[in-house]
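No experiment lies behind these values; they were computed from the predicted model shown.
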Amino acid sequence: MTEPTLEVSSLLTVRDVERLARTMLPKSTVDYFRSGSDAEYTRRANRGAFRKWAIAYRVLVDVSRVDTRVRVLGQELASPILIAPTAYHRLAHPEGERATARAAGGSGTLYVASTLATTSLEDIAATYDAAGASAGGASVGGASRWFQLYVHKDRGLTRSLVERAEASGYGALVVTVDTPVLGRRLRDVRNAFGLPDGMHMANLFAPGDGIEAKDPAFRHAQIAARHDASFTWHDLASIRAWTRMPLVLKGIVRADDALRARDSGVAGIIVSNHGGRQLDSAVATLDALPSVVEALGAQAGVDVLLDGGVRWGTDVFKALALGARAVLVGRPIVWGLTAFGEAGVARVLDILRSELVHAMTLAGCPAIDAVTRDMLVRR
Ligand SMILES: Cc1cc2nc3c(=O)[nH]c(=O)nc-3n(C[C@H](O)[C@H](O)[C@H](O)COP(=O)(O)O)c2cc1C
Ligand SMILES: CC(C)CC(=O)C(=O)O
């Protein structure tokens, strides 16, 4: 890892942040963060889908004040831009998830902590809340941090993760449903990607656990082999029985699955294809969004979120116009963390938020409920 030579304020776009971060990391880490699976059609398609829409802006609207507040799972958030769960933040920066949690908590941004964090979920929770408290309490109380769950074959382990998340006051449980097995990221295979010595999956193993000692550079391919590929809609009921946290399903791209999720009593779904890292040739998330939103209807009681390829404020605008309640960003956060730690994550959030405000201002939309379907035309 090398030190950046730029000031954080000189980074004007998410693209600038990524460009800098990629010069600072070993190749195998850049490859892990960046890659999609196989031919990477879906990773690219996620971006391409945003380019297919143009904004038919409105004029002569009072946009002297623009309000980006939204309600997600009944909670008011200052902005519809959330942090997607991503693994292994200590690969990006020595402070890892703690730096991400401080940036998120300090700005009141909703942070979804990963099962595969390199910091324990208890530590992330405490760090997030402390940052929220010192920033004026905007995010105290835990509702603005959610925990992402990978369902393991070991039901006892899975259940203990859920119980620990509940005990730590996480506001929702995000069950990732697109990873029964790991997508084939060719660069990771070729690089024999694994965690370096001294870094571990803090929610799953304690340092010095027999399992880690046997294989210190525990390959993440082996980790995903511990996921329960037999997990079905039917088994979701057992997770519901373990916790009072609302459930969110992450990785839905079909209308019928969205309806099934609603019928299973989930509070939210994330239209996601894992950033193009799982099934290659999977439909781009922005392309999948309208059918999901239409199937659920306006009074669905299920909040629809989206991730995948969000890199500009105008991308956020487009996803909201097509019916998403909010969006999550994955890689941009990891690049920000690499470049400047906590300040880098804060910078990425700030760039996207100000770009969204700018887009809403120029489009004649003073509040999120003005960002409607008719604001877009197909290119
Ligand atoms: C490096 C990396 C690690 C990820 N780790 C997880 C994870 O642990 N759990 C999960 O549900 N999704 C994980 N994802 C998927 C993200 O939550 C999200 O769906 C995706 O990154 C969104 O696309 P974007 O990176 O284009 O914003 C990961 C993605 C990346 C790039
Ligand atoms: C080991 C993987 C399941 C972690 C992950 O979600 C990812 O790298 O996309």
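The distance between the ring centers of Y88 and Y32 falls below 6.0 angstrom.
Annotation: side chain of Y128 is not in contact with side chain of T100 (no heavy-atom distance under 4.5 Å). When side chains are defined from C-beta on, R19 counts as touching R15, because their heavy atoms get closer than 4.5 Å. Contact of the D263 side chain with the W233 side chain is not registered, since no non-hydrogen atoms from C-beta on lie closer than 4.5 Å. Proximity of I55 to L376: side-chain heavy atoms (C-beta onward) are separated by under 4.5 Å at one or more points. Using a 4.5 Å heavy-atom threshold, the side chains of Y111 and I124 count as touching. In this structure, the side chains of L259 and L296 come closer than 4.5 Å at one or more pairs of heavy atoms. Residues T127 and D123 are in side-chain contact: their nearest non-hydrogen atoms beyond the backbone lie under 4.5 Å apart. Residues V112 and L82 form no side-chain contact, since every pair of their non-hydrogen atoms from C-beta on lies 4.5 Å or further apart.
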When you look at T118 and M201, which way does the side chain to side chain contact (heavy atoms under 4.5 Å, CB included) test go after all the steps?
CA-CA 5 Å; T118 43; M201 295 147 197; 5.8 Å; no
Apply side chain to side chain contact (heavy atoms under 4.5 Å, CB included) to residues V175 and V248 and explain how you reach the verdict.
CA-CA 6 Å; V175 183; V248 176; over 6 Å; no
Assess the residue pair V271 and V293 against the criterion (side chain to side chain contact (heavy atoms under 4.5 Å, CB included)); give the C-alpha distance rounded to whole Å, side-chain angles, the decisive distance to 0.1 Å, and a yes or no.
CA-CA 10 Å; V271 174; V293 169; over 6 Å; no
Kindly indicate, with the supporting measurements, whether the criterion side chain to side chain contact (heavy atoms under 4.5 Å, CB included) is fulfilled by L121 and S168.
CA-CA 8 Å; L121 63 91; S168 300; 3.6 Å; yes
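In the displayed structure, R379 atom CZ is contacted under 6.0 Å by more than 12 heavy atoms of other residues, nucleotides or ligands. By the neighbour-count criterion of 12 heavy atoms within 6.0 Å, atom CZ of R184 is sparsely surrounded, having that number or fewer from other residues, nucleotides or ligands. A 6.0 Å sphere centred on CZ of R373 holds more than 12 heavy atoms belonging to other residues, nucleotides or ligands. Heavy-atom neighbours of E163 CD from other residues, nucleotides or ligands within 6.0 Å: above the threshold of 12. Under a cut-off of 6.0 angstrom, the local environment of CZ in R43 is crowded, with over 12 non-hydrogen atoms contributed by other residues, nucleotides or ligands.
H152 meets the ring-ring contact (aromatic ring centres under 6.0 Å, His included) test with H227; sequence neighbours excluded. For the side chain to side chain contact (heavy atoms under 4.5 Å, CB included) test, residues two or more places apart in sequence or in another chain that qualify with A99 are E95, R102, L337, E342. By the side-chain hydrogen bond (donor to acceptor under 3.5 Å, both in side chains) test, R155 pairs with D228, sequence neighbours left out. The side chain to side chain contact (heavy atoms under 4.5 Å, CB included) search around R22 returns E18, V30, R34, W335, not counting sequence neighbours.
Electrostatic pairing of K27 and D31 counts as a salt bridge here, judged by a charged N lying under 4.0 Å from a carboxylate O. Salt bridge R226/D154: absent, no basic N to carboxylate O contact under 4.0 Å. Ion pairing of R164 with E122 is present here, as a side-chain N (NZ or NE/NH1/NH2) and a carboxylate O approach within less than 4.0 Å. One finds a salt bridge joining R47 and D315 here, because a Lys/Arg side-chain nitrogen approaches an Asp/Glu carboxylate oxygen to under 4.0 Å. A salt bridge is absent between R260 and D257; no separation between the charged side-chain nitrogens and carboxylate oxygens falls under 4.0 Å.
Two different hydrophobic clusters hold V292 and V253 under the rule that ILVMFWY side chains link at heavy-atom gaps under 4.5 Å.
Checking side-chain atoms of S272 against main-chain N and O of H274 turns up a donor-acceptor pair under 3.5 Å. A donor-acceptor pair under 3.5 Å links the side-chain atoms of T13 to the main chain of D16, judged by distance alone. Here the side chain of Q148 pairs no donor or acceptor atom with the backbone of P85 at under 3.5 angstrom. No donor-acceptor distance shorter than 3.5 angstrom exists from the side chain of R71 to the backbone of L77, with no hydrogens or angles considered. The closest donor-acceptor contact from the side chain of D178 to the backbone of Q278 lies at 3.5 Å or more, if one exists at all. A side-chain donor-acceptor contact under 3.5 Å links R277 to the backbone of F33. Using a distance-only test at 3.5 Å, with no hydrogens or angles considered, a donor-acceptor pair links the side chain of E40 to the main chain of G36. Put simply, the side chain of R311 never gets that close to the backbone of V329: no donor and acceptor are under 3.5 Å apart. A donor-acceptor pair under 3.5 Å links the side-chain atoms of D280 to the main chain of A39, judged by distance alone. A distance-only check finds a donor-acceptor pair linking the side chain of T232 to the backbone of H234 [under 3.5 Å].
Between L161 atom CG and E166 atom CD the span is 13.0 Å, to the nearest 0.5 Å. Distance OG/S79 to CD1/I368: 7.5 Å, rounded to 0.5 Å.
Within the structure, the side-chain hydrogen bond (donor to acceptor under 3.5 Å, both in side chains) test picks out the following pairs touching residues 48-61 (sequence neighbours left out): K52-D287, R58-D374. Among residue pairs with one or both ends in residues 351-370, those qualifying as side-chain hydrogen bond (donor to acceptor under 3.5 Å, both in side chains) are T109-R353; sequence neighbours excluded.
Both the sub-6.0 Å distance and the 45° axial angle are satisfied by R145 relative to the ring of Y170.
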